[in-house]
**Q** 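Encoded as structure tokens, here's the structure I'll be asking about.
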Protein chains: 2
Amino acid sequence: MKQKKQLLTEVELELMNILWKLEKGSVRNILEHKSMKRDLAYTSAATIMRILEQKKFTKSSKVGNTFYYHATLSKEDYQARHLNNISEKLFDNTPLSMVARLIDDGQLSKKDIKELKDTLNNIQK
Amino acid sequence: MKQKKQLLTEVELELMNILWKLEKGSVRNILEHKSMKRDLAYTSAATIMRILEQKKFTKSSKVGNTFYYHATLSKEDYQARHLNNISEKLFDNTPLSMVARLIDDGQLSKKDIKELKDTLNNIQK
DNA sequence: TGATGTCTACTAAATAATTAGTAGATAAGC
DNA sequence: GCTTATCTACTAATTATTTAGTAGACATCA
């Protein structure tokens with residue numbers, strides 16, 4: 001009875017992105033991080049961090065009276081989860097078509113494509 | 001002053017997916033489509049369709065007293081838009097890493113990878 | 001024509017997501 | 001030890017999303 005693989009909401013993702021950069025950080029650390037673009041009240045950020053812990057995306061440890069959070073899921077794993085989700089919901093479960101879309105839409109540069117070729121050649125001769 | 005490229009919400013996407021299959025359809029057509037999994041009341045589906053039109057994802061034409069909707073944005077274009085969005089929000093604007101994630105996570109089968117190689121070889125010698 | 005059914009328009013209720021305030025606890029500086 | 005800062009916990013308000021009801025228009029067909 002495994003639970004469905006949950007996705008992050010917008011704000012949650014924004015804070016997680018910062019936490020992944022920090023590796024470990026308090027609400028304050030996150031709020032003051034240079035890549036924090038949203039103008040959140042301290043208590044709002046604290047609320048989100050509590051929610052993220054409830055949802056098991058983070059764990060915390062207390063030092064003095066402040067909580068330090070760290071992610072329990074790597075960004076890479078979350079990326080994979082998210083891609084898997086949109087592959088289902090938007091690409092009829094054909095992940096290859098996601099790549100096709102990136103190429104057709106010009107989101108992959110020529111350089112990207114060259115690199116990608118190299119990568120592919122190295123994984124299975 | 002171009003407006004931000006809006007994404008579909010969950011239900012909206014579900015109905016759009018059906019509309020993209022139908023090419024053109026009424027609320028009834030959509031509700032009764034075999035791939036309609038959500039158990040929505042007729043009026044709920046009608047509300048979503050109205051919202052989608054407000055948001056410019058569809059246009060409608062009236063035949064008798066019923067509206068027939070069609071998408072104003074192709075599924076491919078929406079896919080590209082969505083990928084572009086998550087590339088920004090989750091992949092630090094490096095779409096190539098999205099592909100890397102698909103590969104590393106095993107979401108692309110061996111066959112997919114072979115096909116992808118072929119595709120890449122054909123686009124720029 | 002009139003009874004019945006289907007459709008839209010409007011409204012509202014329920015739920016989820018986002019934001020932030022208040023109170024009380026703990027810590028830190030003097 | 002007091003005063004001031006900062007922190008968590010709890011609560012609440014706001015906004016977005018999802019769902020569906022009610023009313024009236026229109027259509028169909030016996």
Side-chain angles (χ1 to χ4, degrees), chain A residues 3-19 22 24-33 35-70 78 82 85-86 89-90, chain B residues 3-19 22 24-33 35-70 78 82 85-86 89-90:
Chain A
Q3 61 150 104
K4 211 173 150 271
K5 289 194 174 169
Q6 214 175 180
L7 296 189
L8 296 163
T9 66
E10 281 271 321
V11 224
E12 284 169 6
L13 176 58
E14 243 180 87
L15 299 206
M16 281 301 289
N17 269 326
I18 295 175
L19 188 58
L22 286 174
K24 185 181 261 276
S26 64
V27 172
R28 185 67 57 191
N29 296 153
I30 290 172
L31 260 186
E32 289 176 350
H33 193 272
S35 65
M36 180 71 191
K37 33 186 184 284
R38 206 178 282 238
D39 185 28
L40 278 187
Y42 180 91
T43 51
S44 305
T47 300
I48 302 294
M49 292 314 292
R50 214 154 348 94
I51 291 172
L52 283 168
E53 187 163 19
Q54 276 169 27
K55 293 190 177 174
K56 314 284 189 190
F57 284 103
T58 65
K59 275 190 178 159
S60 64
S61 51
K62 204 165 190 175
V63 175
N65 68 342
T66 114
F67 283 125
Y68 287 83
Y69 295 92
H70 62 275
Y78 181 72
H82 195 133
N85 181 282
I86 82 163
K89 300 268 180 61
L90 187 56
Chain B
Q3 61 152 102
K4 209 173 152 270
K5 289 196 176 168
Q6 214 176 180
L7 296 190
L8 296 163
T9 65
E10 281 272 320
V11 225
E12 284 169 5
L13 176 57
E14 242 179 88
L15 299 205
M16 281 301 288
N17 269 326
I18 295 175
L19 188 58
L22 286 175
K24 184 181 262 276
S26 64
V27 172
R28 185 66 57 189
N29 295 154
I30 290 172
L31 259 187
E32 289 177 351
H33 193 273
S35 64
M36 180 71 191
K37 32 186 183 282
R38 206 178 281 238
D39 186 29
L40 278 187
Y42 181 91
T43 50
S44 304
T47 301
I48 303 294
M49 292 314 292
R50 215 155 345 96
I51 291 172
L52 284 168
E53 187 163 19
Q54 276 169 28
K55 293 190 178 175
K56 314 282 188 192
F57 284 104
T58 66
K59 275 191 179 159
S60 64
S61 51
K62 205 166 189 174
V63 175
N65 69 342
T66 113
F67 284 124
Y68 287 83
Y69 295 92
H70 63 274
Y78 181 72
H82 195 133
N85 181 283
I86 83 162
K89 301 267 180 61
L90 186 57

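To find a chain, count down the sequence lines: A is the first, B the second, and so on, and within it residues start at 1. Note that these values count all heavy atoms, side chains included, but never hydrogens, waters or copies made by symmetry.
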**Q** Separation of A:Q54 atom CD from D:dC10 atom P, in whole Å?
**A** 10 Å

**Q** Syn or anti: how is D:dA5 classified when any glycosidic angle within 90° of 0 counts as syn?
**A** syn

**Q** Return the value, rounded to whole Å, for the distance between atom CG of A:L15 and atom P of C:dT18.
**A** 10 Å

**Q** Rounded to whole angstrom units, what separation is found between the CZ atom of B:R38 and the C1' atom of C:dT15?
**A** 12 Å

**Q** May I ask which nucleotide in the shown strands pairs with D:dA12, Watson-Crick or G-U wobble, both distances under 3.5 Å?
**A** C:dT19

**Q** Contact class for B:R50 (heavy atom, under 4.0 Å): base, sugar-phosphate, or nothing?
**A** base

**Q** Just the rounded figure in Å: distance from P of D:dC7 to CG of A:L40.
**A** 15 Å

**Q** To the nearest angstrom, how far is B:M49 atom CE from D:dA20 atom C1'?
**A** 17 Å

**Q** Nearest to the side chain of A:N65, which nucleotide is it out of C:dA27, C:dT6, D:dT8?
**A** C:dA27

**Q** With a non-hydrogen cut-off below 4.0 angstrom, is A:E12 in contact with a base, only sugar-phosphate, or nothing?
**A** nothing

**Q** Should the ring pair A:Y78 and A:H82 be called parallel, tilted or perpendicular, given that the plane angle runs from 0 to 90° and is split at 30 and 60?
**A** perpendicular

**Q** Taking the side chain of B:K55 as its heavy atoms from C-beta onward, which of D:dT17, C:dA20, D:dT18 lies nearest to it?
**A** D:dT17

**Q** For A:I48, answer base if it contacts any base atom (sugar-phosphate contacts may also be present), sugar-phosphate if it contacts only those atoms, and nothing otherwise; contact means non-hydrogen atoms under 4.0 Å.
**A** base

**Q** Base, sugar-phosphate or nothing for B:F67? Non-hydrogen atoms, less than 4.0 Å.
**A** sugar-phosphate

**Q** Does any part of the side chain of A:L8, heavy atoms only, come nearer than 4.5 Å to the side chain of A:F57, both counted from C-beta?
**A** yes

**Q** Whole Å only: how far is the CG atom of A:L52 from the P atom of C:dA17?
**A** 12 Å

**Q** What is the nucleic acid contact for B:A46, judged by heavy atoms within less than 4.0 Å: base, sugar-phosphate only, or nothing?
**A** nothing

**Q** Where each residue is assigned the nucleotide of DNA chain C containing its nearest heavy atom, which of A:E10 and A:G64 is assigned the position nearer the 5′ end?
**A** A:E10

**Q** Side chain of B:S44, heavy atoms from C-beta onward: which of C:dT19, D:dA20, D:dT6 has the nearest atom to it?
**A** D:dA20

**Q** Which of these nucleotides, C:dT8, D:dT18, C:dT18, is closest to any side-chain atom of B:V27?
**A** C:dT8

**Q** Rounded to whole angstrom units, what separation is found between the CD1 atom of B:I51 and the P atom of C:dT11?
**A** 15 Å

**Q** Tell me what B:S26 touches on the nucleic acid: a base, only sugar-phosphate, or nothing, going by heavy atoms under 4.0 Å.
**A** nothing

**Q** Decide if atom NZ of A:K55 counts as having more than 12 heavy atoms of other residues, nucleotides or ligands within a radius under 6.0 Å.
**A** yes

**Q** Using whole Å, report how far OH of B:Y42 lies from P of D:dT22.
**A** 17 Å

**Q** Side chain of A:N17, backbone of B:K89: donor and acceptor closer than 3.5 Å?
**A** yes

**Q** Does any part of the side chain of A:M16, heavy atoms only, come nearer than 4.5 Å to the side chain of A:T58, both counted from C-beta?
**A** yes

**Q** What's the closest nucleotide to the A:T43 side chain, out of C:dA9, C:dT18, C:dT22?
**A** C:dT22

**Q** Would you call A:I51 and A:E12 a side-chain contact if the rule is heavy atoms closer than 4.5 Å?
**A** yes

**Q** Could you tell me the Watson-Crick or G-U partner of D:dA5, where both distances fall under 3.5 Å? Say none if there is no partner.
**A** none

**Q** Where the side chain of A:T47 is concerned, which of C:dT19, D:dT19, D:dC7 is the nearest nucleotide?
**A** C:dT19

